[in-house]
Amino acid sequence: MSTVTNTQKKAPAGERVADWADGRLGIYTLAKANMRKIFPDHWSFMLGEICLYSFLIIILTGVYLTMFFHPSMNEVEYAGSYVPLQGQLMSEAFNSTMTISFEVRGGLLIRQIHHWAALIFLAGMFVHMMRVFFTGAFRKPREINWLFGFLLFFLGMFTGFTGYSLPDDLLSGTGVRFMQGAILSVPIVGTYLSMFLFGGEFPGGDFVARFYSAHVLLLPGIMLGLVVAHLILVFVHKHTHFAGPGRTNDNVVGMPLLPVYMAKAGGFFFLVFGVIAIVAAVATINPIWAIGPYRPDQVGTGAQPDWYMGFAEGLIRVMPGWEINLWGHTLVLGVMIPLAIFPAVLAAIAVYPFIESWITGDKREHHIAQRPRNAPTRTAFGVAWITAYMIMLVGGGNDLWATHFHLSINAITWFVRIFFFVGPVIAFIVTKRICLGLQRRDKDKVLHGRESGIIKRLPHGEFVEIHEPLSQGELYKLTAHEQYEPAALPPSVDENGVERKTGALEKLRVKLNKSYYGDDNQVAKPTQEEYKEIQNGHGHH
């Protein structure tokens, strides 16, 4: 009688679980296809990671805070540990925020981290979008991802607004009152919208609960979906990479997702978390105990919104208080016009990739990021917009500028009114000239090399500076950008001699195209003949 001995060893438990999962989910195939995916490496890409990690920190700290916050406007008497407010009447929302700040272990630190992370998230979004804008990384095929990013920034603004309104303190209450006044200025339906939002006359008894639902469920849910969609498209399209040897529109030069990129990303997450925690620990933000609970008959001195709402606040503060009566209705132009300008500016930012694509007629895919100097018109537009934003930020804090620098608030208001129109124009012209100057400098470096700082005297007595030749990689970087031909109107007659009609829209497109690619918008790259002539010693020291 013989027996069969099974000498095959049993696989470890972890491997058996992985095999079981792979048989049902196809994990191995998915990992093999994507875990070694290459991502280009550049310092500016960390801006997007700061946004992502700040968003994760906001979610983590927000979950903790929801365990102790009571979104109710029912009036209670404060009996907590902060003596100056004991015995005062306040809403349950304010009372629970005080409890978080002074009685929940670690509550104040978590609350501070949550608020600082929100500010850093929006600041990171702002800078990240500017990086994408100035390098042309929004061009095909990334226009939809630009829209996703814009919507994240837009929703983040209102998520932040609903968030800092929840404590029901005097500062946030003043901001809510400001918003309610803006809603009331909407013709015909403004009163109805206000009643619907606040459940009656301001402040009503429901707005904290309604803001709470929007802040912890509706807006974060939409934003989380947009973040996932944004990352999926980044994964599909890859980051753009800057011009360099071996880098083309058809390849990706960088590091694999695993293990290098994930290790760096994981370390960077804890670095961001640590920096935000340190800032939250040493810099107090929104000390509601010093501000007090909201009362409709009071306004906090120096009440300011968070920075991302400063543009809207500035528009309303510096706008003259114009009113007109029309068909039995009073139209408050001092609020209506700013309310029209603010969404119009945001909408222009959102659709800019499609506008530029139409103007330039460029329908190709682009995976090489542009240097801002090589797109002077776009760069000038971006700087002009930032200039307008910063000027209105001054307008939004005109009272603090006046008190801190001992200036006239009327002088500040008129300065903002004037320079809101003049400043962007000056910024546009100056930025465009700087970009063209940098293009000429690049051309000179290609032809003559880098200045070495070494002065040499020639036999006939002339002093010249020795120039060091650039490496092939540097030469490629400075000459890799494309030279565009400005668009031109088609001939007035076709090949059959029939008059061709050119629409006004096409004429406008050609005119705008010349503002991007005309002779005064790009400096011609050095030709090989020019380079060889210089290198052969003709006119080169």
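Just so you know, these numbers come straight off a predicted model, no measurement behind them. Each residue takes its place number in the sequence, starting with 1. In what follows, every heavy atom counts, from backbone to side chain, and hydrogens, waters and symmetry copies are set aside.
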Does a donor on one side chain and an acceptor on the other come within less than 3.5 Å for [X] and [Y]?
X	Y	value
S101	R111	yes
S357	K363	yes
T135	Q370	no
Q88	E77	no
S72	H70	no

Identify the heavy atoms of [X] and [Y] that sit nearest to each other, and give their distance.
X	Y	result
L170	T174	O-OG1, 2.7 Å
M129	G149	SD-O, 4.2 Å
H241	N251	CE1-O, 3.1 Å

Approximate separation, where rounding is to 0.5 Å, of [X] [atom1] and [Y] [atom2]:
X	Y	atom1	atom2	answer
E474	T479	CD	OG1	11.5 Å
M90	N95	CE	CG	6.0 Å
L47	H42	CG	NE2	10.0 Å

Do other residues, nucleotides or ligands put more than 12 heavy atoms under 6.0 Å from the [atom1] atom of [X]?
X	atom1	value
R364	CZ	yes
K445	NZ	yes
F354	CZ	yes

Quick one: side-chain hydrogen bond (donor to acceptor under 3.5 Å, both in side chains) partners of T61, sequence neighbours excluded? H114
State which residues pass ring-ring contact (aromatic ring centres under 6.0 Å, His included) with F102; sequence neighbours excluded, sorted by chain then number. Y82, W289
Please identify each residue that fulfils ring-ring contact (aromatic ring centres under 6.0 Å, His included) with F381, with sequence neighbours left out. F428
Quick one: are I349 and F133 in side-chain contact, heavy atoms under 4.5 Å? no
Minimum side-chain heavy-atom gap F148-I144 below 4.5 Å: yes
Check the orientation of [X] and [Y]. Use parallel for under 30°, tilted for 30 to 60°, and perpendicular for over 60°.
X	Y	answer
F207	F198	perpendicular
Y294	F202	perpendicular
Y389	W307	perpendicular
F268	Y53	perpendicular

Let me know which of E365, H366, H367 forms a side chain to side chain donor-acceptor pair (under 3.5 Å) with R142. H367
Between the side chain of N521 and the main-chain N/O of S515, is any donor-acceptor distance below 3.5 Å? yes
Donor-acceptor pairs under 3.5 Å, side chain of residues 218-231 to any protein atom, not counting sequence neighbours: which ones?
from: H230; atom 1: ND1; to: N145; atom 2: OD1; distance (Å): 2.9

Side chain to side chain contact (heavy atoms under 4.5 Å, CB included) involving F196 - partner list, sequence neighbours excluded: none
Looking at residues at least two apart in the chain, or sitting in another chain, which of them share a salt bridge (Lys or Arg N to Asp or Glu O under 4.0 Å) with E92? none
